[in-house]
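Residue indices begin at 1 and follow the sequence shown. Both counts, for ligands and for their atoms, begin at 1 and track the order of listing.
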Amino acid sequence: MKHFLNFINGDFVATDKTFENRAPVNNQVIGLVHEAGQAEVDAAVKAARAALKGEWGQMSVVKRVELLYAVADEINRRFDDFLAAELADTGKPRSLASHIDIPRGAANFKVFADIVKNVPTESFQMATPDGGTAVSYGVRSPLGVVAVICPWNLPLLLMTWKVGPALACGNTVIVKPSEETPATATLLGEVMKKVGIPDGVYNVVHGFGPNSAGEFLTKHPGVNGITFTGETRTGETIMAAAAKGVRPVSFELGGKNAGIVFADADFDKAVAGITRSCFENCGQVCLGTERVYVQRPIFDRFVAALKEKAEGLKVGPSDMPGVGLGPLISAEHKQKVLGYYAKAKAEGAMVVTGGGVPDMQGEFANGHFVQATIWTGLPETASVVREEIFGPCCHIAPFDTEAEVIAMANATDYGLATTIWTQDLGRAHRMANAIEVGLCWINSWFLRDLRTAFGGAKGSGIGREGGVHSLEFYTELRNVMIKY
Ligand code: NAD
Ligand code: 6OD
């Protein structure tokens with residue numbers, strides 16, 4: 001039996017309290033996760049605070065950058081171990097994890113090492129009222145001990161997206177991975193140790209949210225800032241915890257993203273793009289599309305084409321040749337998604353395809369698989385059009401004018417991402433200005449340049465990370481004014 005241990009002050013730490021980690025493809029137990037209690041969280045915070053004062057705190061940027069490159073290289077050297085761990089925890093297709101999750105896990109260290117090395121601070125010179133001169137300049141210092149609270153959908157990618165810049169800026173971190181996906185954060189502890197990241201700089205505590213490691217960590221007075229990716233409701237709870245001590249937060253939260261297809265779009269590319277945005281990672285991508293709006297002249301043709309794509313997705317475990325749709329993360333999440341499938345029918349949806357559970361054979365009959373599902377015919381007030389489902393499903397509605405689709409797309413409390421398909425450049429710019437989101441993809445989706453700002457508007461988040469924007473959260477910018 002595999003054991004997933006906490007990683008505190010450079011040591012793997014077992015506890016008496018364990019919970020099962022189960023594989024989504026067949027619901028079999030992968031191993032036991034050692035849950036951190038208050039004592040382990042206290043120890044991790046103590047170690048992280050001590051590391052700030054030790055070798056890490058004194059280290060030159062050049063040396064820090066070298067170490068972060070070594071972390072990336074070691075992840076790549078152990079690519080197969082990380083891939084196996086991520087596949088076991090999530091059940092996602094091997095092709096997806098090997099092209100996105102693991103390479104990005106390594107890239108997140110190199111990109112932010114480069115940014116920290118190369119991005120300057122500001123400097124101004126000015127005349128003083130008494131006829132003298134003053135020069136001012138900015139100095140960045142680390143925020144301190146950063147709590148990194150992660151979800152389960154892209155475990156290594158989303159964790160390193162925060163740990164990479166946090167360490168590049170000279171902070172120490174305590175990671176609380178999702179209880180569903182403990183493996184890659186634990187494995188990263190081995191990498192940190194191997195390449196010589198000082199003890200206490202990278203710590204991992206396992207467990208749940210309320211009354212467990214998540215709550216103990218976010219409420220801990222020794223934590224200087226909290227960066228969190230997950231549900232909007234969890235963000236509200238964490239924000240309340242962060243209020244004590246007025247600690248900063250960076251939040252990447254939920255969404256109910258619109259995909260918009262104009263009649264002038266390149267039809268085949270739009271169908272392929274929306275297929276990805278609706279069904280990739282079994283719909284468990286925060287940037288994914290659950291509301292599709294298609295201009296009326298191509299509506300019927302588009303619905304038929306998306307139906308064909310959805311039905312063409314091979315459902316199965318990570319290593320099945322040609323697999324396109326893996327399982328949902330857990331039995332609990334499957335029940336939630338199937339609950340929405342039932343609600344859609346009850347609210348009068350026309351089920352274009354799917355709506356249930358695929359017929360799986362053998363051990364996979366116990367997996368958390370659901371069908372890719374498309375609905376039409378619902379009003380904009382229906383539950384499945386309003387609420388985040390986080391499954392492989394979408395509702396498609398027709399529209400006539402730009403103004404109409406802008407109003408529909410913006411009629412949500414969320415504001416994370418959109419994908420818009422048009423060949424009219426003027427329209428693309430108008431739409432990008434009018435849509436209330438943090439991320440607007442035109443004729444593309446989930447195309448990433450890590451130097452750019454990433455984050456959500458409205459209920460989808462607070463702050464931006466990526467490029468220089470990560471430095472805004474992970475450092476304190478001090479202004480020094482010298483009069484001479
Ligand atoms: P979740 O909010 O349930 O859990 C996320 C993490 O928070 C887990 O580690 C969990 O244990 C922890 N947690 C839960 N309650 C807590 C508490 N009270 N205090 C401290 N920690 C607590 O989210 P999830 O189900 O793991 O992930 C899916 C959600 O994440 C979706 O809503 C999705 O849209 C969102 N998400 C957003 C982004 C983004 O970039 N905006 C990216 C990925 C996922
Ligand atoms: O690509 C990223 O940096 C990122 N944060 C992706 C988020 C995906 C959400 O599921």
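- Shortest contact from atom 35 (C) of ligand 1 to any protein heavy atom: Gly230 O, 3.3 Å.
- In this structure, Met239 places its CE atom where only 12 or fewer heavy-atom neighbours from other residues, nucleotides or ligands lie under 6.0 Å away.
- Aromatic ring centroids of Trp161 and Phe112 lie under 6.0 Å apart.
- Other residues, nucleotides and ligands contribute over 12 non-hydrogen atoms within 6.0 Å of the NZ atom of Lys458.
- Closer than 4.0 Å to atom 15 (N) of ligand 1 lies at least one heavy atom of the protein.
- Using modelled atom types, no side-chain atom of Asn27 and backbone atom of Asn366 make a donor-acceptor pair closer than 3.5 Å.
- Aromatic ring centres of Tyr341 and Trp375 lie closer together than 6.0 Å.
- More than 12 heavy atoms of other residues, nucleotides or ligands lie within 6.0 Å of NZ in Lys193, so this atom counts as buried by the packing criterion.
- Contact atoms of ligand 1 toward Ile238: 19 (N), 20 (C), 21 (N) (distance under 4.0 Å to a heavy atom of the residue).
- Between His333 and Phe390, the ring-plane angle classifies as perpendicular under the 30° and 60° cut-offs.
- Here atom 33 (C) of ligand 1 lies nearest to Phe390 when heavy atoms of Phe216, Phe390, Tyr414 are compared.
- Of all atoms in ligand 1, listed by their number and element, those nearer than 4.0 Å to a heavy atom of Glu388 are 31 (C), 32 (O), 33 (C), 34 (O).
- Only the side chain of Leu416 comes within contact range of ligand 1, with a heavy atom under 4.0 Å; no backbone atom does.
- Among all non-hydrogen protein atoms, the one lying nearest atom 27 (O) of ligand 1 is Pro151 CB, 3.4 Å.
- For atom 23 (O) of ligand 1, the nearest protein heavy atom (residue, atom name, distance) is Glu231 N, 3.5 Å.
- In Asn118, the CG atom is crowded: over 12 heavy atoms of neighbouring residues, nucleotides or ligands sit closer than 6.0 Å.
- Around atom CD of Glu476, no more than 12 heavy atoms belonging to other residues, nucleotides or ligands sit under 6.0 Å away.
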Decide salt bridge (Lys or Arg N to Asp or Glu O under 4.0 Å) for Glu190 and Arg78; before the verdict, give the C-alpha distance in whole Å, the side-chain angles of both, and the deciding distance to 0.1 Å. CA-CA 10 Å; Glu190 293 178 20; Arg78 297 193 59 186; 2.7 Å; yes
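- The option with the heavy atom closest to atom 2 (O) of ligand 1, from among Thr181, Thr234, Leu253, is Thr234.
- Inter-residue side-chain proximity for Asn443 and Lys269 is flagged as unmet; no heavy-atom pair is nearer than 4.5 Å.
- In this structure, the protein non-hydrogen atom closest to atom 24 (P) of ligand 1 is Trp152 NE1, 3.3 Å.
- Here is the list of ligand 1 atoms found below 4.0 Å of a heavy atom in Phe208: 11 (O).
- Residue contacts with ligand 1: Pro210 is included, with a non-hydrogen atom under 4.0 Å away.
- The nearest protein atom to atom 12 (C) of ligand 1, hydrogens excluded, is given as Ile149 CG2, 3.7 Å; this is a heavy-atom distance.
- Residue contacts with ligand 1, taken as heavy atom pairs separated by less than 4.0 Å, involve Asn153 solely via side-chain atoms from C-beta onward.
- Residue contact check: Phe454 has heavy atoms under 4.0 Å from atoms 40 (O) of ligand 1.
- Crowding of Lys334 atom NZ: a count of heavy atoms from other residues, nucleotides or ligands under 6.0 Å exceeding 12.
- Of the protein's non-hydrogen atoms, the one nearest atom 22 (C) of ligand 1 is Gly209 CA, 3.4 Å.
- If you number the atoms of ligand 1 from 1 as listed, the ones under 4.0 Å from a heavy atom of Leu158 come out as 42 (C), 43 (C).
- Side-chain contact check for Glu179 versus Phe19: some heavy-atom pair is nearer than 4.5 Å.
- Atoms of ligand 1 found under 4.0 Å from any heavy atom of Ser178, numbered from 1 in the order shown, are 9 (O).
- Less than 4.0 angstrom separates some heavy atom of Cys286 from each of these atoms of ligand 1: 34 (O), 36 (N), 37 (C), 38 (C), 39 (C), 40 (O), 41 (N), 42 (C), 43 (C), 44 (C).
- For ligand 1, one of its N or O atoms has an N or O atom of Glu179 under 3.5 Å away.
- Within 6.0 Å of the NZ atom in Lys244, the count of heavy atoms belonging to other residues, nucleotides or ligands does not exceed 12.
- Of the protein's non-hydrogen atoms, the one nearest atom 9 (O) of ligand 1 is Cys150 O, 2.7 Å.
- Near Pro177, with a cut-off below 4.0 Å to any heavy atom, the atoms of ligand 1 are 9 (O).
- Within 4.0 Å of ligand 2, contacts by protein heavy atoms are made from Arg104, Asn153, Leu154, Leu157, Leu158, Trp161, Glu252, Val285, Cys286, Leu287, Phe446, Arg448, Phe454.
- Few gaps surround NE2 on His3; more than 12 heavy atoms of other groups in view lie less than 6.0 Å from it.
- Using a 4.5 Å heavy-atom threshold, the side chains of Leu439 and Leu287 count as touching.
- At a threshold of 4.0 Å, the pair Asp73-Lys110 counts as salt-bridged, since one of the basic side-chain nitrogens sits closer than that to a carboxylate oxygen.
- Distance from atom 18 (N) of ligand 1 to its nearest protein heavy atom, with residue and atom name: Thr237 CG2, 3.6 Å.
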